[in-house]
Colleague: 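One structure coming up, written as structure tokens, with questions to follow.
Keep in mind that what you see is a predicted model, and the values were worked out from it rather than measured. What you see below is based on every heavy atom in this structure, not just the backbone, and it leaves out hydrogens, waters and symmetry mates.
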Amino acid sequence: MSEFGASSTHWVTLPEGERAEIRHGTPVREVLSPRLSKRQARELLLARMDGKLVDLAHPVERDCSLEPVFPGDPGTIEIIRHSTAHVMAQAVKELFPGAKVAIGPAIENGFYYDFDYERPFTPEDLVRIEERMREIAKAAYPISREVLGIQKAREIFVSRGEIYKIELIDELSRAGEVEVSLYGQSGFLDLCRGPHVPDTGRLGAFKLTGVAGAYWRGDERNPMLQRIYGVSFLDKKELAAYLERIEEAKRRDHRRIGKDLDLFSIQEEIGPGLILWHPKGAMLRRVIEDFWKDEHIRRGYDLLYTPHIARRDLWKRSGHLDFYAESMYAPMVIDEVSYQIKPMNCPFHIAVYNSRRRSYRELPLRWCELGTVYRYERTGTLHGLMRVRGFTQDDAHVFCRPDHLDTMIHEILELTLFVLRVFGFDRYDIYLSTRPERFVGTEENWERATAALEGALKAEGLAYEIDPGEGVFYGPKIDIKIRDCLDRSWQCSTIQVDFNLPERFDVNYIGEDGHPRQAIMVHRALMGSIERFVGVLIEHYAGAFPFWLAPVQAVVLTVTDRQDAWAVEVQKRLKASGFRVEADLRNEKLGKKIREAQLVKIPYMLVVGDKEMREGRLNPRSRSGDVIGSMTVEECIQLFTRESTQSMGQGRRPA
RNA sequence: GCCGGCAUAGCUCAGCGGUAGAGCAGCUGAUUCGUAAUCAGCAGGUCGCGGGUUCGAAUCCCAUUGCCGGCUCCA
């Protein structure tokens with residue numbers, strides 16, 4: 001490839017259509033720099049060759065288009081982060097000579113590099129590494145790129161004892177590669193595809209954030225390496241903004257707020273991953289669940305209740321014991337029969353369906369249940385409400401005929417997006433998960449089901465990504481991950497088309513011709529798990545729930561104990577109108593009562609003093625600090641009624 | 001499950017070889033007060049649990065449980 005033969009020059013198309021004849025092998029820097037201002041030449045970071053980012057040292061080896069790339073241009077921050085990872089690796093190698101390097105890519109917001117070292121890195125080590133990185137950055141060592149035959153490269157890493165790099169090279173070799181590129185700076189050398197920034201002085205603002213164990217190649221059979229994480233941005237301002245966002249996320253942590261607002265607890269005595277809902281949290285759930293049930297009934301769903309355990313045979317037939325056993329709790333024997341706790345609700349809904357013969361006229365049947373399931377999760381994965389062992393799914397199963405399928409998926413998508421909007425989520429990412437490695441049913445069924453889901457997404461004009469192999473064992477699915485106010489993504493909704501369980505359980509209906517036909521099942525959950533959804537809501541709203549959701553919507557505050565009777569009367573009348581109102585009659589100053597109500601984020605504080613009492617009125621103060629002005633109880637009821645509707649996303653009707 | 005860190009009063013945390021401390025919350029009393037903390041007093045802890053080292057352990061070591069940050073996995 002280095003000897004082109006006939007032509008020793010190439011035509012390079014530059015921005016603005018300029019064409020230049022360039023000698024074969026000229027580095028792109030030499031092509032671009034003379035055509036830039038001094039300042040631009042200094043800032044030049046990379047080049048785009050025929051649309052692909054390349055190093056400045058990259059040689060021109062054919063006719064191509066070429067444009068300069070500066071920091072901040074699309075795609076550059078990833079390159080900068082990647083180069084920062086290399087600088088970190090250099091620092092680690094210098095400070096800890098025995099360390100072996102594995103891989104070090106750019107990730108969202110930063111980078112990491114995996115190392116194998118005789119002892120764990122400590123926070124103090126990280127400080128030293130970061131210091132050394134700054135020195136390397138300051139020295140602005142040029143970063144070199146070299147292409148070598150794969151055997152030669154292998155020898156280099158063998159001589160350096162970099163066993164992980166050797167493994168990578170052997171893999172590349174098996175994949176048919178004959179040469180690889182090596183990048184280096186000031187004595188450090190790494191196997192890397194590149195591209196990289198021209199020198200170590202071009203890193204931007206970075207900070208090491210932590211160290212964590214990670215398996216070599218993500219496989220738990222492999223040795224555990226130490227992964228050092230860092231964040232990196234173009235400049236200090238962006239880095240500071242990012243760190244501020246992390247702080248904000250910490251302030252919004254649902255575990256913290258859940259404790260402060262007395263919503264729920266998780267206790268060692270009860271067990272990990274098991275949630276105790278305190279009165280306020282239970283009230284929040286009730287509001288969510290009532291809304292959910294009303295909305296479903298309004299839309300033609302029927303409610304089901306099913307048991308928590310079932311005979312083991314059921315799980316055998318459903319395929320759970322073959323494909324889902326590692327998530328299920330051990331069987332218990334009752335009167336010599338084995339039972340198991342449910343990890344899913346579907347077999348029960350099927351049993352209801354199969355409790356009698358179904359006619360084609362009955363379909364579609366839409367059945368929903370707030371079904372509590374238990375799944376074994378490895379201890380290390382549990383996290384507050386977000387990842388638990390016992391949770392309530394807002395589950396539903398639609399049983400339908402093939403000719404219903406498109407309409408059903410459409411209907412479910414519509415309902416899903418509606419519900420998410422009501423709770424204040426209008427940004428989400430949609431994924432289509434296809435057949436996993438272990439699955440039940442035939443490939444044709446999987447294809448049909450996948451096509452149905454994909455067709456619905458296309459018909460709705462919704463953008464989506466394919467998540468290969470991430471379907472459930474019985475069918476493909478659409479997952480909707482909502483984005484919260486900090487732009488973090490949470491998986492909640494899931495829609496799954498299933499031809500397989502109907503086959504296993506012989507779920508059928510009698511068609512027009514009097515013959516049985518197999519029904520199709522659509523599984524779906526909108527909020528996914530009530531636990532997780534509440535967790536997401538807490539963080540999304542930082543505990544300051546919109547009025548319709550707030551477990552306590554208002555608190556009546558007295559100025560002195562002379563107003564106690566009036567305060568109780570106000571509370572009583574508001575409660576009678578369906579609002580969740582408390583009264584704070586403590587012998588404390590008004591300021592203190594306000595402060596405490598504020599801290600637990602109650603939407604309205606209703607101040608009653610002598611003046612209000614005399615006039616039969618109250619004086620609301622909003623959570624945001626506005627004193628609205630004295631009003632009668634009737635006016636307050638009107639205010640709250642309005643607020644109930646308006647505080648729902650999209651101003652939907654209250655439940 | 002794996003790697004690393006953490007575990008002290010209800011909560012937030014200090015103490016890090018010589019027999020346990022603060023603020024808030026709680027209780028008692030005084031104060032009757034208008035839009036983010038009234039004052040005083042009292043009470044509260046087998047320092048996660050189990051071993052060990054030591055004359056002596058909250059403090060050092062080992063094991064264990066739980067939590068936190070990751071890996072992996074998912075609603």
Side-chain angles (χ1 to χ4, degrees), chain A residues 112 114 119-123 125-126 209-229 250 253 255-256 259-260 262 265-273 324 326-327 343-345 371 373 375-395 433 470 472 477 479-481 490-494 496 523-533 535-536 557-564 586-599 605-612 619-623 625-628:
Chain A
Y112 68 78
D114 287 345
R119 67 160 176 86
F121 292 123
T122 64
D125 292 337
L126 253 54
T209 50
V211 58
Y215 300 107
W216 168 236
R217 322 225 77 181
D219 189 327
E220 54 188 87
R221 286 165 303 192
N222 286 337
M224 169 78 62
L225 306 173
Q226 294 187 68
R227 176 168 299 176
I228 301 179
Y229 284 92
K250 254 188 221 162
D253 192 316
R255 294 165 300 189
R256 164 90 264 127
K259 195 175 270 179
D260 290 347
D262 199 14
S265 62
I266 303 165
Q267 297 175 23
E268 187 172 346
E269 199 182 2
I270 306 296
Y324 208 73
E326 69 280 6
S327 294
M344 292 190 195
N345 300 303
V373 297
R375 297 181 186 174
Y376 172 74
E377 296 286 348
R378 301 154 104 183
T379 50
T381 65
L382 300 172
H383 179 90
L385 294 177
M386 303 300 197
R387 196 63 185 280
V388 294
R389 284 183 173 161
F391 61 99
T392 302
Q393 285 185 306
D394 66 319
D395 210 353
S433 299
E470 289 302 308
V472 215
K477 58 178 182 168
D479 284 332
I480 301 179
K481 297 188 183 179
W490 303 99
Q491 148 120 50
C492 293
S493 316
T494 178
Q496 308 166 351
H523 310 238
R524 51 107 278 205
L526 310 181
M527 301 180 276
S529 132
I530 304 288
E531 283 75 4
R532 173 179 296 175
F533 197 72
V536 173
L557 307 181
T558 52
V559 178
T560 75
D561 55 15
R562 286 192 298 279
Q563 299 94 32
D564 284 4
R586 290 174 309 162
N587 178 14
E588 294 289 353
K589 292 175 101 163
L590 181 61
K592 173 153 180 147
K593 295 185 186 183
I594 288 174
R595 177 182 155 79
E596 289 185 2
Q598 197 81 43
L599 288 175
M605 292 151 234
L606 310 174
V607 176
V608 297
D610 284 338
K611 190 161 169 286
E612 286 77 14
N619 198 337
R621 178 197 209 270
S622 75
R623 183 164 53 190
D626 303 323
V627 178
I628 295 159

Colleague: Looking only at side-chain atoms of A/Val607, point me to the closest of B/rA37, B/rG34, B/rG1.
Modeller: B/rG34
Colleague: Pick the C1' atom in B/rG70 and in B/rG45, then give their distance to the nearest Å.
Modeller: 33 Å
Colleague: Just name whichever nucleotide pairs with B/rC71, Watson-Crick or G-U, keeping both distances under 3.5 Å, else none.
Modeller: B/rG1
Colleague: Please enumerate all residues that pass side chain to side chain donor-acceptor pair (under 3.5 Å) together with A/Gln491, with sequence neighbours excluded.
Modeller: A/Asp479
Colleague: Of all the nucleotides listed (B/rG4, B/rA75, B/rU35), which has the minimum atom distance to the side chain of A/Val627?
Modeller: B/rU35
Colleague: Please tell me which of A/Gly609 and A/Leu385 maps to the more 5' nucleotide of RNA chain B, matching each residue to the nucleotide holding its nearest heavy atom.
Modeller: A/Gly609
Colleague: Between A/Gln226 (CD) and B/rG5 (P), how many Å, whole number?
Modeller: 10 Å
Colleague: Can you give me the N/O atom pairs linking the protein to nucleotides 11-14 of chain B at distances under 3.5 Å, or say none if there are none?
Modeller:
none

Colleague: Take the protein atom CG of A/Asp561 and the nucleotide atom P of B/rG34, then report the distance between them rounded to whole Å.
Modeller: 13 Å
Colleague: If you assign A/Arg595 and A/Pro272 each to the RNA chain B nucleotide with the nearest heavy atom, which residue ends up on the more 5' nucleotide?
Modeller: A/Arg595
Colleague: In chain order, what residues pass the salt bridge (Lys or Arg N to Asp or Glu O under 4.0 Å) check against A/Asp561, with sequence neighbours excluded?
Modeller: none
Colleague: Identify, with sequence neighbours excluded, every residue that meets ring pair (Phe, Tyr, Trp, His ring centres under 6.0 Å) alongside A/Trp490.
Modeller: none
Colleague: By ring pair (Phe, Tyr, Trp, His ring centres under 6.0 Å), which residues pair with A/Phe391, not counting sequence neighbours?
Modeller: none
Colleague: Quick one: which protein N/O atoms are closer than 3.5 Å to N/O atoms of nucleotides 39-45 of chain B? Pair and distance per line, please.
Modeller:
none

Colleague: Which base, if any, makes a Watson-Crick or G-U wobble pair with B/rG66, both distances under 3.5 Å?
Modeller: B/rC6
Colleague: Classify the side chain of A/Gln563 and the base of B/rG34 as holding, or not holding, a donor-acceptor pair under 3.5 Å.
Modeller: no
Colleague: Can you name the side-chain contact (heavy atoms from CB on, under 4.5 Å) partners of A/Val559, sequence neighbours left out?
Modeller: A/Gln563, A/Leu590, A/Val607
Colleague: Restricting both atoms to N or O, compile the protein contacts to nucleotides 46-49 of chain B shorter than 3.5 Å, with distance only.
Modeller:
none

Colleague: Just how far, in rounded Å, is C1' of B/rA36 from CD of A/Gln598?
Modeller: 6 Å
Colleague: Indicate the atoms forming the closest heavy-atom contact of A/Phe121 with A/Ile228, along with that distance.
Modeller: CD1-CD1, 3.8 Å
Colleague: Produce the list of close N/O pairs, under 3.5 Å, pairing protein atoms with atoms of nucleotides 70-74 of chain B; give distances to one decimal.
Modeller:
unit_1	atom_1	unit_2	atom_2	d
B/rG70	O3'	A/Tyr229	OH	3.2
B/rG70	O2'	A/Tyr229	OH	3.3
B/rC71	O4'	A/Gly213	O	3.2
B/rC71	O2'	A/Tyr215	N	3.4
B/rU72	O2	A/Arg378	NH1	3.4
B/rC73	O2	A/Arg387	NH1	2.5
B/rC73	O2	A/Arg387	NH2	2.3
B/rC73	N3	A/Arg387	NH1	3.1
B/rC74	O2	A/Arg532	NH2	3.0

Colleague: Contact between A/Leu385 and A/Arg255 at the side-chain level, heavy atoms closer than 4.5 Å - yes or no?
Modeller: no
Colleague: Can you list the residues that meet the side chain to side chain donor-acceptor pair (under 3.5 Å) rule with A/Arg389, with sequence neighbours excluded?
Modeller: none
Colleague: What is the separation between atom NZ on A/Lys592 and atom C1' on B/rA36, rounded to the nearest whole Å?
Modeller: 11 Å
Colleague: For the pair made of CG in A/Leu382 and C1' in B/rG66, what is the distance, rounded to whole Å?
Modeller: 11 Å
Colleague: Can you measure A/Asn222 atom CG to B/rG1 atom P for me and round it to whole angstrom units?
Modeller: 20 Å
Colleague: Measure from CG on A/Leu126 to P on B/rG4 and round the result to the nearest Å.
Modeller: 15 Å
Colleague: Heavy atoms only: give me the nearest A/Arg524-A/Asp395 pair and the separation to one decimal.
Modeller: O-OD1, 3.3 Å
Colleague: Would you please name every residue forming a salt bridge (Lys or Arg N to Asp or Glu O under 4.0 Å) with A/Glu596, sequence neighbours left out?
Modeller: A/Arg586, A/Lys592
Colleague: Paired with B/rA22 by Watson-Crick or G-U wobble geometry, both distances under 3.5 Å: which nucleotide is it?
Modeller: B/rU12
Colleague: If the condition is salt bridge (Lys or Arg N to Asp or Glu O under 4.0 Å), which residues does A/Lys611 pass it with, not counting sequence neighbours?
Modeller: none
Colleague: Roughly, in whole Å, what's the span from CD in A/Gln267 to P in B/rG10?
Modeller: 13 Å
Colleague: Could you check whether any side-chain heavy atom of A/Arg119 comes within less than 4.5 Å of a side-chain heavy atom of A/Asp125, counting everything from C-beta outward?
Modeller: yes
